[in-house]
Amino acid sequence: MSFKYRQKKIALINDISGYGRCSLAVEIPVISALKVQCCPLITSILSNHTGYSTYFFDDYTDKMVPYIENWKKLGIHFDGIATGFLGSKEQIDIVKDFIEYYKEDDTIVVIDPVMGDHGRTYATYTKEMCAAMKRLLEHADITTPNLTEACVLTDTQYHDGKWKLSDLYDMACKITAQGPKKVVITGIIQGDFLANYIYEKGSEPKIVRSHKLGTERSGTGDIFASIISADAVNGVEFSESVKKASRFISRCIKKSIELDIPVKDGVCFEEVLHTLK
Ligand code: PXL
């Protein structure tokens with residue numbers, strides 16, 4: 001009997017920022033390169049990401065419900081649902097309802113709890129939204145917080161120093177106790193290395209390290225979560241996928257330094273996208 005390949009599809013719940021290489025503007029090409037169909041559910045439209053001194057922001061919350069209602073009429077099945085930047089508590093609640101409606105036994109939900117960086121939550125993030133994000137996490141199979149977000153999710157004090165493995169383990173266990181079976185805590189600085197702490201419920205934790213190159217750039221978290229999401233629906237083993245994502249981002253950063261891309265403009269992933277398989 002011959003096996004017939006079935007292409008997978010993912011609902012991508014995220015904003016679209018016209019400039020600065022983040023959210024849907026990087027998710028769509030990266031996930032498409034991994035041969036997965038992208039179905040965007042847009043949360044807001046920005047002229048550029050919020051890291052610039054000025055931006056136009058159009059909240060799409062009110063449009064999301066009729067948009068989803070139409071998808072329901074089409075009877076679409078998703079192999080994956082991936083969520084990113086969410087702009088309000090109301091939006092987080094809409095996303096929760098979306099997942100409850102669309103999650104079937106074979107649907108993998110990846111939640112990137114985009115809430116902050118460098119020990120601080122983003123200006124748009126209220127305490128209420130952090131609490132709503134914790135509730136959303138109950139629906140995740142996989143989550144990809146950075147260190148700041150892992151601290152928020154577990155009520156752990158953030159610090160810039162060296163993180164003890166036992167503290168990372170405690171945070172990873174607390175996160176998996178909230179719902180997801182798999183977690184990768186990203187962006188842990190270990191001297192000249194950047195580490196990703198991987199924990200799958202019931203398994204030994206693993207660490208994937210890459211050389212720290214230059215300063216952190218916007219959109220790299222979105223590229224990371226995109227590779228994890230596409231690989232998850234394609235059946236790639238979790239730690240292999242983390243390795244792939246971390247190596248690809250290193251190549252993107254190296255190229256961005258070579259081409260003098262301003263840090264705020266993210267990474268010129270376009271130059272190395274052909275290496276992603
Ligand atoms: O990359 C995360 C992100 C997504 N969307 C918007 C952002 C950011 C980070 O700053 O501003 C609009």
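Order of appearance sets the numbers: ligands from 1, and atoms from 1 within every ligand. Because the structure is predicted, anything quoted here is derived from the model rather than measured.
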Under a side-chain separation threshold of 4.5 Å, the hydrophobic residues clustered together with F193 are none
Under a side-chain separation threshold of 4.5 Å, the hydrophobic residues clustered together with V236 are none
Proximal atoms of ligand 1 relative to [X] (non-hydrogen, under 4.0 Å):
{"X": "D15", "value": "4 (C), 5 (N), 6 (C), 12 (C)"}
{"X": "D222", "value": "1 (O), 2 (C)"}
{"X": "T50", "value": "7 (C), 10 (O), 11 (O)"}
{"X": "H49", "value": "7 (C), 11 (O)"}
{"X": "C22", "value": "1 (O), 4 (C), 5 (N)"}
{"X": "L46", "value": "12 (C)"}

Between S23 and D222, does any side-chain donor sit less than 3.5 Å from a side-chain acceptor?
->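 No, because no side-chain N or O of S23 sits under 3.5 Å from a partner of the opposite role on D222.
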query: So, D265 and Y52: side-chain donor and acceptor under 3.5 Å apart, yes or no?
result: yes
If the contact criterion is a heavy-atom separation under 4.0 Å, does S17 count as touching ligand 1?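 Yes, S17 has heavy atoms under 4.0 Å from ligand 1.
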inquiry  = Below 30° counts as parallel, above 60° as perpendicular, anything between as tilted: where do the rings of Y158 and W163 land?
reply    =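 Plane angle between 30° and 60°, so tilted.
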Practice task
Report yes if the side chains of K254 and H211 come closer than 4.5 Å at any heavy-atom pair, otherwise no.
Solution key: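 Contact flag for K254/H211 side chains = no.
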ask   = Among protein heavy atoms, which lies nearest atom 9 (C) of ligand 1, and at what distance?
value =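 Going by distance alone, atom 9 (C) of ligand 1 is nearest to Y122 OH, 4.0 Å.
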